[in-house]
Structures are given as structure tokens and as C-alpha cells.
Amino acid sequence: MTEEEMRKRLEILRIEHRDLDAAIDALRAAGGTDQMQIARLKKRKLGLKDQITHIEDYLIPDIIA
């Protein structure tokens with residue numbers, strides 16, 4: 001995967017992460033009785049965050065000063 005492809009993938013993951021945030025908020029606002037679905041969305045959101053972090057770490061390496 002090239003750096004440009006990784007940057008595009010990163011943007012897609014960030015959008016999906018934000019969308020899941022909105023979906024979780026909407027479920028809670030609507031009464032949020034389906035705790036199982038909210039838990040699944042949260043788990044998916046955490047997985048996306050891990051992927052985002054992994055790509056960011058690759059694209060922006062730590063610089064030891």
C-alpha cells in the first residue's frame with residue numbers, strides 16, 4: 001500500500017469513526033433500549049480507532065529528540 005493509499009484509507013476510517021459516533025448518539029437520544037447494538041457499535045468504533053492509530057503511527061514516525 002502506497003503512502004497516498006494509506007492517507008485515503010485513513011480519511012475513510014476517520015469518517016466512519018465519526019459516523020459511528022453519530023449513530024451511537026442517535027440511539028442514545030432515541031431511548032437507547034438496545035444496549036447490545038450500542039455495545040457492538042462501540043466495539044466497532046474502537047476497532048476503527050486502532051486502525052487509525054496504526055496508520056498514523058506508520059505515516060508519522062516518532063522522532064527521538
Side-chain angles (χ1 to χ4, degrees):
M1 188 180 278
T2 68
E3 187 173 325
E4 176 143 351
E5 290 171 332
M6 290 181 87
R7 290 187 188 282
K8 287 179 183 178
R9 176 73 177 143
L10 184 60
E11 186 58 32
I12 290 168
L13 291 172
R14 286 179 176 155
I15 291 168
E16 190 175 346
H17 189 267
R18 281 192 301 263
D19 289 348
L20 282 173
D21 237 357
I24 291 167
D25 289 343
L27 279 173
R28 286 184 179 152
T33 57
D34 191 357
Q35 294 300 316
M36 198 62 141
Q37 182 169 359
I38 291 173
R40 280 191 218 109
L41 292 175
K42 285 183 176 183
K43 186 174 182 178
R44 174 72 180 139
K45 188 177 157 193
L46 283 173
L48 289 173
K49 184 63 177 169
D50 287 344
Q51 290 179 44
I52 289 168
T53 301
H54 180 73
I55 293 173
E56 287 174 340
D57 287 348
Y58 181 80
L59 292 174
I60 308 167
D62 290 339
I63 298 174
I64 299 173

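All residue numbers refer to positions in the sequence shown, counting from 1. The figures that follow rest on heavy atoms only: side chains count, while hydrogens, waters and symmetry mates do not.
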Chemist: Are Ile60 and Ile12 connected in a single hydrophobic cluster, I mean Ile/Leu/Val/Met/Phe/Trp/Tyr linked by side-chain heavy atoms less than 4.5 Å apart?
Modeler: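 Looking at the clustering, Ile60 is in a separate group from Ile12.
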
Chemist: Would you say that Arg18 contacts Ile15 through its side chain, given a criterion of any heavy-atom pair below 4.5 Å between the two side chains?
Modeler: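 They are in contact (side-chain heavy atoms under 4.5 Å apart), so the answer is yes.
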
Chemist: Would the number of heavy atoms belonging to other residues, nucleotides or ligands and lying under 6.0 Å from CD of Glu5 be above 12?
Modeler: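 Enclosed: over 12 neighbouring heavy atoms sit under 6.0 Å from CD of Glu5.
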
Chemist: To the nearest 0.5 Å, what is the distance between CZ on Arg40 and CG on Asp34?
Modeler: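 Reported to 0.5 Å precision, the distance equals 6.5 Å.
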
Chemist: Checking side chain to side chain contact (heavy atoms under 4.5 Å, CB included) against Leu41, which of Asp19, Leu27, Leu46 comes through?
Modeler: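 Only one of Asp19, Leu27, Leu46 forms a side chain to side chain contact (heavy atoms under 4.5 Å, CB included) with Leu41, namely Leu27.
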
Chemist: Could I get the full list of side chain to side chain donor-acceptor pair (under 3.5 Å) partners for Glu3, not counting sequence neighbours?
Modeler: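 Partners of Glu3 by the side chain to side chain donor-acceptor pair (under 3.5 Å) criterion, ordered by chain and then number, come out as Arg7.
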
Chemist: With a 4.5 Å cut-off on side-chain heavy atoms, are Met6 and Leu10 touching?
Modeler: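 The answer is no, as the side chains (C-beta and beyond) never meet within the 4.5 Å cut-off.
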
Chemist: I'd like to check Leu20 versus His17 (side-chain heavy atoms, cut-off strictly below 4.5 Å). Are they in contact?
Modeler: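 No, too far: nothing below the 4.5 Å cut-off.
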
Chemist: Can you tell if the side chain of Lys8 reaches within under 4.5 Å of the side chain of Met1, non-hydrogen atoms only?
Modeler: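 With C-beta onward as the side chain, the pair stays apart.
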
Chemist: Tell me the closest heavy-atom pair linking Ile55 and Arg9, and the distance in Å.
Modeler: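 Minimum heavy-atom separation between Ile55 and Arg9: CD1-CG, 3.8 Å.
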
